[in-house]
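The block underneath contains the structure these notes are about, expressed in structure tokens.
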Amino acid sequence: MKSPVRVAITGAAGQISYSLLFRIAAGEMLGPDQPVILQMLEITPALGALKGVAMELDDCAFPLLAGMVCTDDANVAFKDADYALLVGARPRGPGMERKDLLEANAAIFSAQGKAINDNASKDIKVLVVGNPANTNALIAQRNAPDIDPRQFTAMTRLDHNRAMTQLAQKTDKTINDVKNLVIWGNHSSTQYPDIHHTTVDGTDAMSLIDQAWYENDFIPTVQQRGAAIIDARGASSAASAANAAIFHMRDWALGSAEGDWVSMGVYSDGSYGIEKGLIYSFPCVCKDGDWSIVQGVELNEFSTGKMKATEEELQQERDAVSHLLP
Ligand SMILES: NC(=O)c1ccc[n+]([C@@H]2O[C@H](COP(=O)([O-])OP(=O)(O)OC[C@H]3O[C@@H](n4cnc5c(N)ncnc54)[C@H](O)[C@@H]3O)[C@@H](O)[C@H]2O)c1
Ligand SMILES: O=C(O)C[C@H](O)C(=O)O
């Protein structure tokens, strides 16, 4: 058995975490030979509910669960953490846009960035799930000056998974047939799901669908899927969000599938002309515990226009929280 690693999860008594924690403890994120210590953070009024979650984790008798910490102190939750999943934030309700959450949630991520900087392992891998995820990741990253900015990422894997399924269903194939799809930009309704380089069972995806379906059906469906779930369920996506978080972290830690791409919100190095320093979703591959942006993807005018629009939204979000960016 390997020695245990420390996984910090914020918002641990919330609905996403209720799907997430049990799968992490079962080994689905870091592998069946990797014991974990779960360091769970909540706000003080939710500590009672968090205790109930911890009791259920105990009752699962997971062989890989090597310990648990339940706390309302971020310094305790991030102490020596090797991984952090920042889920805790207010979710969007019906009729709200993600940017409505910006002010409400931004303060959480500056405080948590500082706590990560002061307490966590310097090699920590951070995934931000709480919305607006890209800008929250930027805030946390900028408040953690002693940690490599590449270690702060935002979740667009749910969008990636949604897009794969839409395309598989349209072409009467399975998601196993879909390769090299990309979500560019922000985890928001400006995101750009790009299938110009995607293959379905080895065939160029664009040759299997028509441009009108792509522009008027596929792209808006993927962009608006979060809102559609909220309308249908009366609550934002939870099990699918937890699943995407597991996939994102698993691939980053253990490597992504050979010959395929994953979408990750990562620190822009200026690739594809995207402003350096934004947390922007790119096509990535993961190997040896690290991610890299896939280079050389050819872009037509349609794609560059959409990529620019979502970049501009991220620049506006950043400017709106400039007071929290040291
Ligand atoms: N990136 C994505 O694809 C994606 C997908 C779905 C949901 N989300 C976002 O994830 C977040 C969580 O969603 P949820 O449905 O689990 O919400 P939820 O309200 O069920 O749970 C959030 C939890 O966070 C806790 N919390 C609030 N402030 C905190 C703080 N400062 N420290 C620690 N915990 C804190 C709350 O007490 C609550 O228990 C929301 O922002 C939602 O919009 C993102
Ligand atoms: O859309 C939301 O607010 C929830 C979440 O980000 C989602 O994409 O399901």
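In each ligand, atom 1 is the first atom listed, and ligand 1 is the first ligand listed.
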Atoms of ligand 2 close to [X] [distance to a heavy atom under 4.0 angstrom, numbered from 1]:
X      : result
Gly226 : 1 (O), 7 (C), 8 (O), 9 (O)
Ser237 : 7 (C), 9 (O)
His187 : 5 (C), 6 (O), 7 (C), 8 (O)

[X] heavy atom under 4.0 Å from ligand 2:
X      : value
Ile230 : yes
Arg225 : no
Arg233 : no

Students should be able to answer this: which protein heavy-atom is nearest to [atom], and at what distance?
atom                    : value
atom 34 (N) of ligand 1 : Gly11 N, 3.3 Å
atom 22 (C) of ligand 1 : Ala89 O, 3.5 Å
atom 29 (C) of ligand 1 : Ile43 CG2, 3.5 Å
atom 10 (O) of ligand 1 : Ile16 CD1, 3.4 Å
atom 32 (N) of ligand 1 : Gln112 NE2, 3.4 Å
atom 36 (C) of ligand 1 : Glu42 OE1, 3.5 Å
atom 43 (O) of ligand 1 : Asn131 ND2, 2.8 Å
atom 5 (C) of ligand 1  : Ala241 CB, 3.6 Å

Exercise. Are Phe109 and Phe78 co-members of a hydrophobic cluster defined by side-chain heavy atoms under 4.5 Å apart?
Worked result: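 Same hydrophobic cluster.
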Problem set entry | Cluster check Val128, Leu158: I/L/V/M/F/W/Y, side chain < 4.5 angstrom |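 Different clusters: Val128 never reaches Leu158 through Ile, Leu, Val, Met, Phe, Trp or Tyr contacts under 4.5 Å.
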Problem set entry | Proximal candidate to atom 11 (C) of ligand 1 [heavy atom criterion; set Leu20, Val87, Leu86, Leu50] |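 Among Leu20, Val87, Leu86, Leu50, the closest heavy atom to atom 11 (C) of ligand 1 comes from Val87.
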For this session: Select the closest option to atom 15 (O) of ligand 1 among Arg90, Gln15, His187, Met40, judged by heavy-atom distance.
Result: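 Among Arg90, Gln15, His187, Met40, the closest heavy atom to atom 15 (O) of ligand 1 comes from Gln15.
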Whether the [X] and [Y] side chains hold a donor-acceptor pair (N or O, under 3.5 Å, no angle test) is what I'd like checked.
X      : Y      : value
Ser268 : Glu275 : no
Ser271 : Gln295 : yes
Glu312 : Gln316 : no
Ser240 : Asn243 : no
Asp159 : Gln223 : no
Glu313 : Thr190 : yes

Exercise. According to the interplanar angle, ranging from 0 to 90°, do the rings of Trp213 and Phe218 count as parallel (below 30°), tilted (30 to 60°) or perpendicular (above 60°)?
Worked result: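 Tilted: the ring planes of Trp213 and Phe218 meet at 30° to 60°.
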For this session: For the residue pair Tyr192 and His196, categorise the inter-ring angle as parallel (less than 30°), tilted (30 to 60°) or perpendicular (more than 60°).
Result: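 Tilted: the ring planes of Tyr192 and His196 meet at 30° to 60°.
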Problem set entry | Proximal ligand 1 atoms for Leu158, defined as those under 4.0 Å from one of its heavy atoms |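 By the 4.0 Å cutoff, the relevant atoms are 3 (O), 5 (C).
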Problem set entry | Those atoms of ligand 1 less than 4.0 Å from some heavy atom in Ile108 |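 Listed by number with element, the hits are 28 (N), 31 (N).
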Problem set entry | Pairs meeting criterion ring pair (Phe, Tyr, Trp, His ring centres under 6.0 Å) with involvement of residues 17-66, two or more places apart |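 For residues 17-66, and leaving out neighbouring residues, the ring pair (Phe, Tyr, Trp, His ring centres under 6.0 Å) pairs sorted by first residue read Tyr18-Phe22.
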For this session: Report yes if Asp159 has an N/O atom closer than 3.5 Å to an N/O atom of ligand 2; otherwise report no.
Result: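 Not met; the criterion fails.
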For this session: Give yes or no for whether the N/O distance cutoff of 3.5 Å, strictly under, is met between Arg162 and ligand 2.
Result: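 So ligand 2 has an N or O lying under 3.5 Å from an N or O of Arg162.
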Exercise. For ligand 1, does Ser236 get within less than 4.0 Å through its side chain, its backbone, both, or neither, judged by non-hydrogen atoms?
Worked result: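 Just the side chain.
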Exercise. Can you find an N/O atom of Ala46 closer than 3.5 Å to an N/O atom of ligand 1?
Worked result: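 No, there is no polar N/O contact under 3.5 Å.
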Exercise. Taking it one step at a time, do Gln112 and Asn143 satisfy side chain to side chain donor-acceptor pair (under 3.5 Å)?
Worked result: CA-CA 8 Å; Gln112 292 184 355; Asn143 282 279; over 6 Å; no
Problem set entry | Close approach, Arg157 and ligand 1, non-hydrogen under 4.0 angstrom |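 False for this residue.
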For this session: Determine, using heavy atoms of Ala238 and all atoms of ligand 1, whether some pair is separated by less than 4.0 Å.
Result: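 For ligand 1, residue contact (heavy atoms, under 4.0 Å) with Ala238 is absent.
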Exercise. With a 4.0 Å heavy-atom cut-off (strictly under), which part of Ile229 contacts ligand 2: side chain, backbone, both or neither?
Worked result: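 For Ile229, no heavy atom sits under 4.0 Å from ligand 2.
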Problem set entry | More than 12 heavy atoms of other groups within 6.0 Å of Glu298 CD |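 It does not: Glu298 CD has 12 such atoms or fewer within range.
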Exercise. Any chance the rings of His187 and Tyr280 have centres within less than 6.0 Å?
Worked result: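 Between Tyr280 and His187, which both carry aromatic rings, the centre distance is not below 6.0 Å.
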Exercise. Looking at His248, Gln191, His160, which hits side-chain hydrogen bond (donor to acceptor under 3.5 Å, both in side chains) with Ser263?
Worked result: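 Result for side-chain hydrogen bond (donor to acceptor under 3.5 Å, both in side chains) with Ser263: His160.
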